[in-house]
Student: 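Handing you this structure, nothing more for now.
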Amino acid sequence: MEIVQDNKSLIKACKLIRKQKIIYIDTEFLRDKTYWPQLCLIQIKTARKIFLIDIIASDKMNFENLKEILIEKKIVKVLHSCRQDLEVLMQQFGIFVKPIFDTQLAYYLLTEQDNLGYTNLVKKLLNINLSKDHQVSNWSRRPLSYKQLEYATNDVKYLPNLYTILNEKIRKKK
């Protein structure tokens, strides 16, 4: 896991991310006491690395390279229950993230079980128990705690396995 909090590390991360065909994304944001959600962290997993991009670490960070990646048609973005993530990314950056694969929607199409959360889907398909303890923590407070970083990492860590299983089942079903 690499925490990205400055332009130099963001440029380096974006160079690696841009080379991927598939990336796995989640966001952490605050929605309470605000009209618009406040994006605090973007987690991106590549084939070999997890980046935690700290959106509020510095007001001098340039997110243009990241925005280009999020709209790049040649890179599939895998998310779980992506409606709120897409909303907060659109509000923050003014972009429509595409193309996307939503693991919650894929699971619904296969089973007709609606609104299965990420933690429950990881348990059901991978038999791994994840903690939800830091789901509603204060993501705007710095520094982030070890437990918050662990929680944020886990939110993308298992997406590749879920994507592989669900995509294969969808292909078999045609």
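Model, not experiment: these values are computed from the prediction.
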Student: Per the side chain to side chain contact (heavy atoms under 4.5 Å, CB included) rule, which among I25, I75, L86, I100 passes with L70?
Tutor: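 With L70 as partner, side chain to side chain contact (heavy atoms under 4.5 Å, CB included) holds for just one option, I25.
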Student: Linking I/L/V/M/F/W/Y whenever their side-chain heavy atoms sit closer than 4.5 Å, directly or via other members, would L125 and I128 fall into one cluster?
Tutor: yes
Student: Can you tell me how far apart CG (L105) and OG (S81) are? Round to the nearest 0.5 Å.
Tutor: 9.5 Å
Student: Does Q148 use its side chain to pair, donor to acceptor, with the backbone of S145 at less than 3.5 Å?
Tutor: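 Yes, the answer is positive, given that a donor and an acceptor are paired below the 3.5 Å cut-off.
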Student: Check the angle between the aromatic planes of Y163 and Y24 and answer parallel, tilted or perpendicular using the 30° and 60° thresholds.
Tutor: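 Because their plane-to-plane angle is over 60°, the rings of Y163 and Y24 count as perpendicular.
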Student: Taking atom types as modelled and ignoring hydrogens, do the side chains of D6 and S9 form a donor-acceptor contact shorter than 3.5 angstrom?
Tutor: yes
Student: Using the rule that two of Ile, Leu, Val, Met, Phe, Trp, Tyr join whenever any of their side-chain heavy atoms come within less than 4.5 Å, decide whether L52 and Y118 are in one cluster.
Tutor: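 Shared cluster, yes.
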Student: Quick check against the 3.5 Å criterion: does Y158 have a side-chain atom that pairs as donor or acceptor with the backbone of L130?
Tutor: no
Student: With distance as the sole test, does D26 use its side chain to make a donor-acceptor pair with the main-chain N or O of H80 at under 3.5 Å?
Tutor: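 Side chain of D26 to backbone of H80: no pair is present.
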Student: Can you tell if the side chain of I53 reaches within under 4.5 Å of the side chain of L10, non-hydrogen atoms only?
Tutor: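 The answer is yes, as the side chains (C-beta and beyond) meet within the 4.5 Å cut-off.
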Student: Would E64 and K67 pass as an ion pair if we require N to O under 4.0 Å?
Tutor: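 Between K67 and E64 there is a salt bridge, with a charged N closer than 4.0 Å to a carboxylate O.
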Student: Apply the test side-chain contact (heavy atoms from CB on, under 4.5 Å) to residues F63 and I69: give CA-CA distance (whole Å), side-chain angles for both, the deciding distance (0.1 Å), then the verdict.
Tutor: CA-CA 10 Å; F63 295 105; I69 290 167; over 6 Å; no
Student: Determine yes or no for a side-chain-to-main-chain donor-acceptor pair under 3.5 angstrom, with T111 supplying the side chain and Q113 the backbone.
Tutor: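 Yes, because the side chain of T111 sits within donor-acceptor range (under 3.5 Å) of the backbone of Q113.
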Student: When rounded to the nearest 0.5 angstrom, what distance separates CG in N154 from CD1 in I50?
Tutor: 8.0 Å
Student: Going from CG on L30 to CD1 on I56, what distance comes out if it is rounded to the nearest 0.5 angstrom?
Tutor: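 Going from the CG atom of L30 to the CD1 atom of I56 covers 7.5 Å.
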Student: Determine whether R142 and D54 satisfy the following criterion, salt bridge (Lys or Arg N to Asp or Glu O under 4.0 Å), listing intermediate values before the conclusion.
Tutor: CA-CA 10 Å; R142 296 297 180 269; D54 192 343; 2.7 Å; yes
Student: Is there a side-chain contact (heavy atoms from CB on, under 4.5 Å) between V76 and K21? Walk through the geometry before answering.
Tutor: CA-CA 6 Å; V76 174; K21 292 182 181 176; over 6 Å; no
Student: Say whether F101 and L110 are linked into one hydrophobic cluster, either directly or through other cluster members, by side-chain heavy-atom distances under 4.5 angstrom.
Tutor: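 Cluster IDs for F101 and L110 match.
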Student: Is W139 close to L144 at the side-chain level, that is, under 4.5 Å between some pair of heavy atoms?
Tutor: yes
Student: Would you say that L162 contacts V122 through its side chain, given a criterion of any heavy-atom pair below 4.5 Å between the two side chains?
Tutor: yes
Student: Can you get from V78 to I44 by hopping between Ile, Leu, Val, Met, Phe, Trp and Tyr side chains that sit under 4.5 Å apart?
Tutor: no
Student: With a 4.0 Å cut-off on N to O distance, would you call K98 and E72 a salt bridge?
Tutor: no
Student: Does D102 come within less than 4.0 Å of R83, counting only side-chain N to carboxylate O?
Tutor: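 R83 and D102: not salt-bridged.
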Student: Under the criterion side-chain contact (heavy atoms from CB on, under 4.5 Å), I'd like the reasoning laid out for D155 against E28: C-alpha separation, chi angles, the key distance, then a yes or no.
Tutor: CA-CA 10 Å; D155 269 359; E28 302 303 336; 2.9 Å; yes
Student: Indicate, with yes or no, if L121 and I170 share a hydrophobic cluster defined by side-chain heavy-atom contacts under 4.5 Å among Ile, Leu, Val, Met, Phe, Trp and Tyr.
Tutor: yes
Student: Flag the pair Q92 / F29 as yes when at least one side-chain heavy-atom distance between them is below 4.5 Å, and no otherwise.
Tutor: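 A side-chain contact under 4.5 Å is absent here.
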Student: Just how far is it from atom CD1 of I22 to atom NZ of K77, taken to the nearest 0.5 Å?
Tutor: 11.0 Å
Student: Out of T119, N127, N120, which one pairs with K123 under the side-chain hydrogen bond (donor to acceptor under 3.5 Å, both in side chains) rule?
Tutor: N127
Student: Please assess E168 against R171 for the test salt bridge (Lys or Arg N to Asp or Glu O under 4.0 Å), listing each intermediate value before the final yes or no.
Tutor: CA-CA 5 Å; E168 182 60 31; R171 286 178 196 252; 5.1 Å; no
Student: Looking at CG of N115 and OH of Y107, how far apart are the two atoms once the value is rounded to the nearest 0.5 Å?
Tutor: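 These two atoms lie 12.5 Å from each other.
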Student: Would you compute the distance between atom CG of L159 and atom CD of Q43 and round it to the nearest 0.5 angstrom?
Tutor: 9.5 Å
Student: Check T46, L66, I3 against F51 for a side chain to side chain contact (heavy atoms under 4.5 Å, CB included) and give me the one that passes.
Tutor: T46
Student: Within the distance-only criterion (no hydrogens, no angle test), does the side chain of N7 pair as donor or acceptor with the backbone N or O of N62 below 3.5 angstrom?
Tutor: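 Such a contact is found between N7 side chain and N62 backbone.
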Student: Q20 and A47: which non-hydrogen atoms are nearest, and at how many Å?
Tutor: OE1-N, 3.4 Å
Student: Using atom types as modelled and distance alone, determine if a side-chain donor or acceptor of Q104 lies under 3.5 Å from a backbone N or O of L116.
Tutor: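 Side chain of Q104 to backbone of L116, a donor-acceptor pair under 3.5 Å: yes, one is there.
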Student: Is the shortest side-chain heavy-atom distance between K45 and P160 below 4.5 Å?
Tutor: yes
